[in-house]
Amino acid sequence: RWQRGSRQTRRMPVDRHCKVICIVLPCRQAIRAGEGAVEQTILDLLGLPDIPVVIFDRSPLVLSICQLQYTSVLGVSDPSFVAPFQRAIQARYPVAKRVDRVTVGISFGSGQGTVQEERRPSEQWQFSDVESKWTVILAPDSLSLETREYRHFQDYLQRLLEVLVALKEHVGPALGTRLGLRYINEMRLRSPGEKLPINPVLLGALAVPAFEERTAQTMQQLIFRYPDNQGITVHHGYFPQGAVVQPLPGRQFPDSPFY
């Protein structure tokens, strides 16, 4: 049972045709595992109309992450304790290594965004497939599943359920404290004059032609809060170059502008 304050739940996450840039959902934004009974979804909370599922040939979605946070399990620092968990998932995630925990901050000035990373030694383990398209990260107080190859939520949910079963059987955290789901999109412009394929309501000053041609960089954060400790956070903006998501080993940061 996963506890949030005085409430308890056995539910799992779901999204419904999400199109916003970056989303974090707490654990009551959910689907009951094995039952297929959908509760409120992202579009329900935002009051947006239902839309058909569309798989783009060049999808702007570059990374999807779901993280479960829980009360600390100190045994995760011991390789022999983690070994049964590794064996349970190694068919899909055969590459294992210990990694540092990274805290990332972004500061702005002189028209440039600066990414500042703080690396702290941590008993954190990373398990990935050979191409690093799917990754599981196990820490003493959290489990994350991230992918660069998102297609359908049901596929993603199936993988998530597999690693949660392994977590329950071989790590056994006492209480879950938070469940978050995040999507990161990078919409790249192929030419300087290309128009952003984004609803002008979200563009802010960029929707004004006189401002758009002089804008070097923008950033906006929208925070929505709902009953039952639910919430959605949207970060979006225009950047002259670089990327939000770290490229895979051997690849360079793109130098084209993106939103």
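Model, not experiment: these values are computed from the prediction. Residue numbers start at 1 and run along the sequence shown.
- Distance alone, capped at 3.5 Å, is enough to place a donor-acceptor pair between the Asn185 side chain and the Leu61 backbone.
- Closest approach of Asp141 and Ser72 over heavy atoms only: CB-OG, 3.9 Å.
- Residues Val62 and Met219 are members of one and the same hydrophobic cluster, defined by side-chain heavy-atom contacts under 4.5 angstrom among Ile, Leu, Val, Met, Phe, Trp and Tyr.
- The closest side-chain heavy-atom distance from Gln158 to Gln154 is not below 4.5 Å.
- With hydrogens and angles ignored, the 3.5 Å screen pairs no side-chain donor or acceptor of Thr135 with any backbone N or O of Glu146.
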request  = Show your reasoning for whether side chain to side chain contact (heavy atoms under 4.5 Å, CB included) applies to Arg225 and Thr233.
outcome  = CA-CA 9 Å; Arg225 290 295 177 260; Thr233 301; 3.9 Å; yes

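- Between Val82 and His170 there is no side-chain heavy-atom pair separated by less than 4.5 Å.
- Under the 4.5 Å side-chain criterion, counting only non-hydrogen atoms from C-beta, Val130 is in contact with Pro94.
- A continuous path of Ile, Leu, Val, Met, Phe, Trp and Tyr side chains, each step under 4.5 Å between heavy atoms, connects Val73 with Leu167, placing both in one hydrophobic cluster.
- Between the side chains of Gln124 and Gln126, no donor-acceptor pair is found at a separation under 3.5 Å.
- Side chain of Trp134 to backbone of Leu145: no donor-acceptor contact under 3.5 angstrom is found.
- Tyr70 contributes a side-chain N or O that, together with a main-chain N or O of Ser142, makes up a donor-acceptor pair within less than 3.5 Å.
- In this structure, Gln221 places its CD atom where more than 12 heavy-atom neighbours from other residues, nucleotides or ligands lie under 6.0 Å away.
- Judged purely by atom type and a 3.5 angstrom limit, Gln230 uses its side chain to pair as donor or acceptor with the backbone of Pro227.
- Between the side chain of Thr215 and the main chain of Gln217, no donor-acceptor pair closer than 3.5 Å is present.
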query = Hey, mind stepping through Val245 and Arg148 against side chain to side chain contact (heavy atoms under 4.5 Å, CB included) and telling me if it holds?
reply = CA-CA 10 Å; Val245 178; Arg148 299 168 185 260; 3.7 Å; yes

inquiry  = Checking Phe81 against Val171 for the side chain to side chain contact (heavy atoms under 4.5 Å, CB included) test, could you report, in this order, the C-alpha distance in whole Å, the side-chain angles of both residues, the deciding distance, and whether it holds?
reply    = CA-CA 8 Å; Phe81 178 86; Val171 180; 4.3 Å; yes

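- Closest approach of Leu138 and Phe85 over heavy atoms only: CD2-CD2, 3.8 Å.
- Linking ILVMFWY residues whenever their side-chain heavy atoms come closer than 4.5 Å, directly or via other members, places Leu222 and Tyr259 in the same cluster.
- A single hydrophobic cluster is seen to contain both Tyr93 and Leu157, as judged by linkage of ILVMFWY side chains at heavy-atom distances under 4.5 Å, directly or through other members.
- A 4.5 Å side-chain heavy-atom check between Arg182 and Ile184 finds at least one atom pair inside the cut-off.
- Taken together through direct or relayed side-chain contacts under 4.5 Å among Ile, Leu, Val, Met, Phe, Trp and Tyr, Leu161 and Leu143 form part of one hydrophobic cluster.
- When all heavy atoms of Val76 and Trp125 are compared, the pair lying nearest together is O-NE1, 2.8 Å.
- With rounding to the nearest 0.5 angstrom, the SG atom of Cys66 is 4.5 Å from the CG atom of Leu160.
- Across every non-hydrogen atom of Pro60 and Met187, the tightest pair is CB-CG, 3.8 Å.
- A pairwise comparison of heavy atoms in Thr218 and Phe239 identifies O-CZ, 4.3 Å as the closest pair.
- Side-chain contact check for Leu63 versus Tyr150: every heavy-atom pair is 4.5 Å or farther apart.
- Ala96 approaches Phe127 most closely through the heavy-atom pair CB-CD2, 3.5 Å.
- Within a 6.0 Å radius of CG in Leu74, other residues, nucleotides and ligands contribute 12 heavy atoms or fewer.
- Of the possible polar contacts, one joining the Thr147 side chain to the Lys133 backbone as a donor-acceptor pair under 3.5 Å is found.
- Within a 6.0 Å radius of CZ in Phe224, more than 12 heavy atoms belonging to other residues, nucleotides or ligands are found.
- Taking a cutoff of 4.0 Å between a charged side-chain nitrogen and a carboxylate oxygen, Glu186 and Arg188 qualify as a salt bridge.
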